[in-house]
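Everything on this sheet refers to the single structure shown next.
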Number of protein chains: 2
Amino acid sequence: MDDYLFHLTRSALFAGVSEADAAALCDSLRCRRAFYPKGSVILRRGEYVERAGLVLSGVVQAERNGADGALRIVARHGALELFGDMLTASGIRKSPVDVVAAEDTEVLFLPLSELMRDGGSVCCEARMRMRLNLLSQLSEKYWALNEQLELLRAPTLRTRLARRLLAARRTRESDSFTLPGTRETLAAELGVNRSALSRELGKMMREGLFTARRGHFVLHDVAELERLAAQ
Amino acid sequence: MDDYLFHLTRSALFAGVSEADAAALCDSLRCRRAFYPKGSVILRRGEYVERAGLVLSGVVQAERNGADGALRIVARHGALELFGDMLTASGIRKSPVDVVAAEDTEVLFLPLSELMRDGGSVCCEARMRMRLNLLSQLSEKYWALNEQLELLRAPTLRTRLARRLLAARRTRESDSFTLPGTRETLAAELGVNRSALSRELGKMMREGLFTARRGHFVLHDVAELERLAAQ
DNA sequence: TTCCTTTCGTTGCAAATGCAACAGATTTTT
DNA sequence: AAAAATCTGTTGCATTTGCAACGAAAGGAA
């Protein structure tokens, strides 16, 4: 796909940048595109990262080996999402994860340090736009992590669940939504045992707080959930 | 203190920037200095933040009201440390905390968006240096949060404690160190009850893993601690 | 359909943690 | 020094959660 520029300008990083400017900038920064067949390794644990990656198509996974040796999927990045930016930005950190292509994937690599260099008269405005977009991206990742942390700080499973559901309600803007993954996934997010999660889900449903069937949730008593979440 | 420029270049944000360049840059960016007497409010919860703050002298605290109304100190920033950067970078978020001067404090405010704008021929190199420093700062805050999260994900208090002590050992580069704050502080970091912490500390000491007296710790069996932390 | 695999809820029991109360130690204030 | 306030360890008891095992339900494949 050589029409990638159109897609590019739809990414958060290139938001507000024209197609022409995007092309000129990629050129001036010496960005490179690379194709990775499904399963191939993009980045190895322990490597230093000098360029952020923007997924043009496909999906990329960050993986890690747990203490028991079991494979843990730490993150997934789909089309137009950025990865490796935090490592590149730090400049000194080795990757704590392997990054592999979960499907056939095309990636655009961006040398962030080049982006920070003044570019003479070349797309001055677009450069600034992209720098601000980058800051915004980095900070959003920070705040997302912060929310995770608030979740885990909640004293009890009941509270965590309430917060998680209300968070989903906010982003989906509806009392009815589907959470990704299985119960096991949700349990991991909340940092608890799966059976403990099922137990608490059962209790809360019997109290009429919401209905859950597989991944689909319908909230019934938002007020009470908010009271719980406040703990 | 009008000799603040010397100090400034010792901060992480201005690392690698000469005193002269720092002065020129502050001028070009229209940075402003402000003095806050102890106890005064620098930033209110709910406000939008347009400038990052660099503490020139004194101490700044981020505070928040818990569910019960009790005051919680979320973060402290001493001399040469940066605050409000994540909020400024996001561009859209309201502050989730109040920021107040914990002592008489002088702050230098930096408009990050100005820093991202090409500056013609004015300190081109220094600008780039500072932009990279900023990225580095943001990412370090991210990774610090990430470490906190790993800590809370640990299945048991014993594991969390082992990780926390080994982390301290790494940064202090010694088997003997003092942790800031009281037991209550440490318990909060680990996300557990204080008495539970004391209990576990007692057990682990009886097993000869380390000695703890008030804030001071001496590690004795690092190998075993590492085995525990791996869980 | 039928078989097989994955997901899910349930439950009994063990382990970990929260909570509250108290006493000794330490630090700070008067 | 004396008194007051804070910090710390300890302990009994209630609650929460982890763990393991099992059967039912759901979804996919033969």
Side-chain angles (χ1 to χ4, degrees), chain A residues 66-68 70-73 151-165 177-218 227-231, chain B residues 66-68 70-73 102-103 151-165 177-218 227-231:
Chain A
D68 50 354
L71 199 67
R72 250 184 63 200
I73 294 171
L151 206 68
L152 293 190
R153 279 203 184 292
T156 174
L157 174 49
R158 172 166 284 243
T159 311
R160 294 181 194 179
L161 203 38
R163 290 195 190 167
R164 181 67 183 82
L165 293 179
F177 47 81
T178 301
L179 295 184
T182 74
R183 280 287 130 77
E184 197 78 56
T185 316
L186 182 56
E189 274 186 64
L190 303 183
V192 297
N193 186 277
R194 181 193 62 84
S195 77
L197 172 58
S198 273
R199 182 160 39 201
E200 198 62 42
L201 277 173
K203 267 193 213 168
M204 294 174 84
M205 285 174 66
R206 258 170 267 132
E207 293 172 25
L209 296 179
F210 56 81
T211 328
R213 183 175 173 71
R214 291 272 158 168
H216 193 77
F217 291 76
V218 182
R227 210 186 55 73
L228 289 173
Q231 309 249 347
Chain B
D68 50 353
L71 199 67
R72 250 184 63 200
I73 294 170
E103 302 174 8
L151 206 68
L152 292 190
R153 280 204 184 290
T156 173
L157 173 48
R158 172 165 283 240
T159 310
R160 294 181 194 180
L161 203 37
R163 290 195 190 167
R164 180 67 183 83
L165 293 178
F177 48 81
T178 301
L179 295 184
T182 74
R183 282 278 177 283
E184 197 79 55
T185 315
L186 182 56
E189 275 186 65
L190 304 183
V192 296
N193 185 277
R194 182 192 61 83
S195 75
L197 171 59
S198 274
R199 182 160 38 201
E200 199 62 42
L201 276 174
K203 267 194 214 167
M204 294 175 85
M205 286 175 65
R206 257 170 266 132
E207 293 173 24
L209 296 179
F210 56 81
T211 328
R213 184 177 172 69
R214 290 270 158 168
H216 192 77
F217 290 76
V218 181
R227 210 187 55 73
L228 288 173
Q231 310 248 344

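What's counted below: heavy atoms across the whole structure, side chains too, no hydrogens, waters or symmetry copies. As the structure is a computational prediction, the values presented were derived from the model and not from experiment.
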Checklist entry - If you check every side-chain atom of A:Arg194, which of D:dT17, D:dT10, C:dT10 has the closest atom? => result C:dT10
Next on the checklist: Can you tell whether the side chains of B:Glu207 and B:Arg158 come within less than 4.0 Å, N to carboxylate O?
Outcome noted: yes
Checklist entry - Sequence neighbours excluded, which residues qualify as salt bridge (charged side-chain N to carboxylate O under 4.0 Å, His left out) partners of A:Arg153? => result none
Item to check | Integer-rounded Å distance: C:dA16 C1' and B:Gln231 CD | outcome: 14 Å
Checklist entry - Between C:dT17 atom P and B:Lys203 atom NZ, what is the distance in whole Å? => result 8 Å
Item to check | Nearest-Å distance for atom pair CE/C1', residues A:Met204 and D:dT17 | outcome: 15 Å
Checklist entry - For the atom pair OG1 (A:Thr182) and CZ (A:Arg214), what is the distance rounded to the nearest 0.5 Å? => result 9.0 Å
Next on the checklist: With a 3.5 Å distance limit and no angle check, can you tell me whether B:Arg194 reaches the backbone of B:Glu184 through a side-chain donor-acceptor pair?
Outcome noted: no
Next on the checklist: Nearest to the B:Arg214 side chain among C:dA25, D:dC13, C:dC8, which nucleotide is it?
Outcome noted: C:dA25
Next on the checklist: Can you see if the side chain of B:Asn193 gets near the phosphate of C:dT17 - specifically, an N or O under 4.0 Å from OP1 or OP2?
Outcome noted: no
Checklist entry - Looking at D:dC19, does its base get a donor-acceptor pair with the side chain of A:Ser195 below 3.5 Å? => result yes
Checklist entry - Between A:Ala212 and A:Pro155, which is nearer to the 5' end of DNA chain C once each is assigned its nearest nucleotide? => result A:Ala212
Checklist entry - Over how many whole Å does the gap from B:Phe217 atom CZ to D:dT8 atom C1' extend? => result 12 Å
Checklist entry - B:Arg158 near the nucleic acid: base, sugar-phosphate alone, or nothing, with a heavy-atom cut-off under 4.0 Å? => result nothing
Checklist entry - If you look at every strand shown and take non-hydrogen atoms under 4.0 Å, does A:Thr156 touch a base, only sugar-phosphate, or nothing? => result sugar-phosphate
Checklist entry - Expressed in angstrom and rounded to an integer, what is the separation of A:Leu197 atom CG from D:dT17 atom P? => result 11 Å
Item to check | Rounded interatomic separation in angstrom, taking CD from A:Glu200 and P from C:dG9 | outcome: 13 Å
Checklist outcome for this item: When rounded to whole Å, the CG to C1' distance for the pair A:Leu201 and C:dT7 reads 14 Å
Checklist outcome for this item: Side-chain contact check for B:Arg213: nearest option of D:dT8, D:dT10, C:dT26 is C:dT26
Next on the checklist: Once you measure the plane-to-plane angle for A:Phe177 and A:Phe217, does it fall in the parallel (<30°), tilted (30-60°) or perpendicular (>60°) bin?
Outcome noted: parallel
Item to check | Options D:dT8, D:dC19, C:dG18, nucleotide nearest the side-chain atoms of B:Arg183 | outcome: D:dT8
Item to check | Spacing of A:Leu161 atom CG relative to D:dT17 atom P, expressed in whole Å | outcome: 11 Å
Next on the checklist: Taking any heavy-atom pair under 4.0 Å as a contact, classify A:Leu157: base, sugar-phosphate, or nothing.
Outcome noted: sugar-phosphate
Next on the checklist: Regarding A:Thr182, tell me which of base, sugar-phosphate or nothing describes its non-hydrogen contacts under 4.0 Å with the strands shown.
Outcome noted: sugar-phosphate
